[in-house]
Amino acid sequence: MSEVTPDFSHSGTTIDELERFKERAYEARKTLLEGTGAGNDFLGWLRLPLEYDKKEFARIKAAAGKIRSDSEAFVVIGIGGSYLGAHAAIDFLSGTVQRPGVPDIYYTGNNFSTDSMISIIEAIGDRDFSVNVISKSGTTTETAIAFRIFKKLLEEKYGKEGAAKRIYATTDAKKGALKGMADKNGYTTFTIPDDIGGRFSVLSAVGLLPIAVSGADIDMIMQGAAKMMAICAEDGFRENPALQYAAYRHLMMEREKSVEVLCIYNPSVRSFAGWWQQLYGESEGKDGKGLFPTGVTYSTDLHSIGQFIQDGSRVMFETILYAENSNNRIVIEEDEEDADGLNYLAGKTLAFVNKCAMRGTARAHEVGGTPSLLIRYNKKNEFTLGQLFYFFEFACGVSGYMLGVNPFDQPGVEYYKRNMFRLLGKPGYEEN
């Protein structure tokens, strides 16, 4: 049985109503598993939880141990799928893994902001640090600029040979600018598989090295993903959360919803929403199709855009990601004066208050015309995290094929680059 389960109580529908999408979902799953659909050369993630490179996996754990032993700061240099998965995992597990001796982790290469770059450099200061640069080609502009900056800082601090021992390159196995640089200078390298696209790469070395550096148990992450992989591939519609989620999204599109809002009730899960947003936005947003994916953090955003969600244009539905078994360590105590009128909560946990806020909000939004699908997961730990990653990836592939698009390409992201390169004066991009 899956620790990830859909709850349709505020969704505006029932599992019985979703049954009419069952055959379409089955057909899309078959296309995905048999590799007969568009983009089938990027399906390496499908069996990755079982068929990952065990030798490289051991090297990842060894490298993570070295980084923890010799670095007080660790810089992850990448953009998009090269860092979002690791960022999501590390934040998700914050407070659930022991972190003695774990370096502070910073993310760069994901923008061109001078202020952001300077703030990271200043935060590192004189401390010992290492770098993980993640790029298939080594020429992605944001990543390449950031790596050039931090490579120089490393070489100034440790010398060229010393810096090389602190640079970990996750890149193509055989070719590309970064691979050539790594071979020339002796960087430790890990492989981005040819058959796995960036947004599906979190369970490869792309995500696993930073996650392991954080002190998380990556064996348990892979075990959780393997369990969800078996459920997605074999279980029937009523036992398969990924098929139900894909079907529900298509029901919402049929009902003329155009925006899917991923609702988070724990700020540490906010980065997971960023990973999810890229996964679905890049996979389905093409050919004039797809839902616009965005995330909110409650109850914070109830005090900013809650009014719009309750009473604004009825274009959206909510997908609530919620931990069923939350931490119950904080109990609200009775106050003798009760000036704030909260003694009615005395003896109740903060987790209980959060759950009531979630249920009450979902009911209010349902009445207001914004249905909410609740996706419950058992606990915030590595095993559950692995299940969640694979659940959303598999559902994305199924949903994309149901939509009639190639879920594994992203032609639109190249358009902005052409204009940017022309403005920067890059050779070959001169204006005609």
Side-chain angles (χ1 to χ4, degrees), residues 2-3 32-33 35 40-70 74 76 78 81-86 88-90 92-93 97-98 102 105 130 132-136 165 167-176 178-179 182-183 186-234 275 381-394 397:
S2 170
E3 278 80 8
L32 188 62
L33 293 176
N40 57 13
D41 48 343
F42 285 97
L43 296 178
W45 59 273
L46 263 176
R47 295 194 57 77
L48 190 63
L50 290 180
E51 298 178 358
Y52 60 91
D53 185 331
K54 307 303 189 294
K55 291 183 179 179
E56 180 167 75
F57 194 81
R59 290 178 58 238
I60 288 170
K61 292 195 284 188
K66 178 180 179 299
I67 292 164
R68 288 197 299 271
S69 71
D70 68 12
F74 181 58
V76 179
S82 294
Y83 90 100
L84 284 169
I90 292 166
F92 183 95
L93 295 170
V97 295
Q98 299 300 312
V102 171
I105 299 175
S130 296
N132 178 205
V133 54
I134 308 166
S135 175
K136 185 77 169 172
K165 295 176 182 178
I167 296 173
Y168 301 81
T170 306
T171 188
D172 191 273
K174 299 178 180 178
K175 62 184 186 299
L178 181 55
K179 174 61 176 172
D183 289 345
Y187 306 156
T188 298
T189 59
F190 298 97
T191 301
I192 301 176
D194 288 335
D195 57 356
I196 300 178
R199 60 187 177 274
F200 288 87
S201 66
V202 63
L203 298 179
S204 74
V206 171
L208 292 178
L209 177 59
I211 295 170
V213 170
S214 78
D217 186 341
I218 59 175
D219 288 281
M220 291 303 296
I221 290 174
M222 298 306 280
Q223 288 175 30
K227 178 173 181 179
M228 181 57 72
M229 174 183 143
I231 292 169
C232 290
E234 299 174 7
W275 171 83
N381 58 27
E382 289 94 335
F383 188 79
T384 300
L385 177 63
Q387 288 198 50
L388 284 169
F389 276 137
Y390 196 88
F391 159 77
F392 280 112
E393 288 179 346
F394 195 90

Specify the closest pair of heavy atoms between [X] and [Y], including all atoms of both residues, with the distance to one decimal.
{"X": "P49", "Y": "L203", "answer": "CG-CD1, 4.3 Å"}
{"X": "V76", "Y": "Y83", "answer": "CG1-CB, 4.3 Å"}
{"X": "S130", "Y": "D70", "answer": "OG-OD1, 3.8 Å"}
{"X": "I192", "Y": "K136", "answer": "O-NZ, 2.8 Å"}

K54 atom NZ: more than 12 heavy-atom contacts under 6.0 Å: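 Enclosed: over 12 neighbouring heavy atoms sit under 6.0 Å from NZ of K54.
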query: Is K165 atom NZ crowded by more than 12 heavy atoms from other residues, nucleotides or ligands, each under 6.0 Å away?
result: no
task: Drop me the distance from S214's OG to I90's CD1, to the nearest 0.5 angstrom.
output: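 S214 OG to I90 CD1: 4.5 Å, rounded to 0.5 Å.
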Ion pair check, D219 and K61, cut-off under 4.0 Å: yes
query: Got a donor-acceptor contact below 3.5 angstrom from the E382 side chain to the D217 backbone?
result: yes
query: Once the angle between the rings of W45 and F394 is folded into 0 to 90°, is it parallel (under 30°), tilted (30 to 60°) or perpendicular (over 60°)?
result: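 W45 vs F394 ring planes: perpendicular.
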- request: Measure up the W275 and F392 rings against each other and bin them: parallel (under 30°), tilted (30 to 60°), perpendicular (over 60°).
  value: perpendicular
- request: Decide yes or no for I67 and Y168: does some side-chain heavy atom of the first lie under 4.5 Å from some side-chain heavy atom of the second?
  value: yes
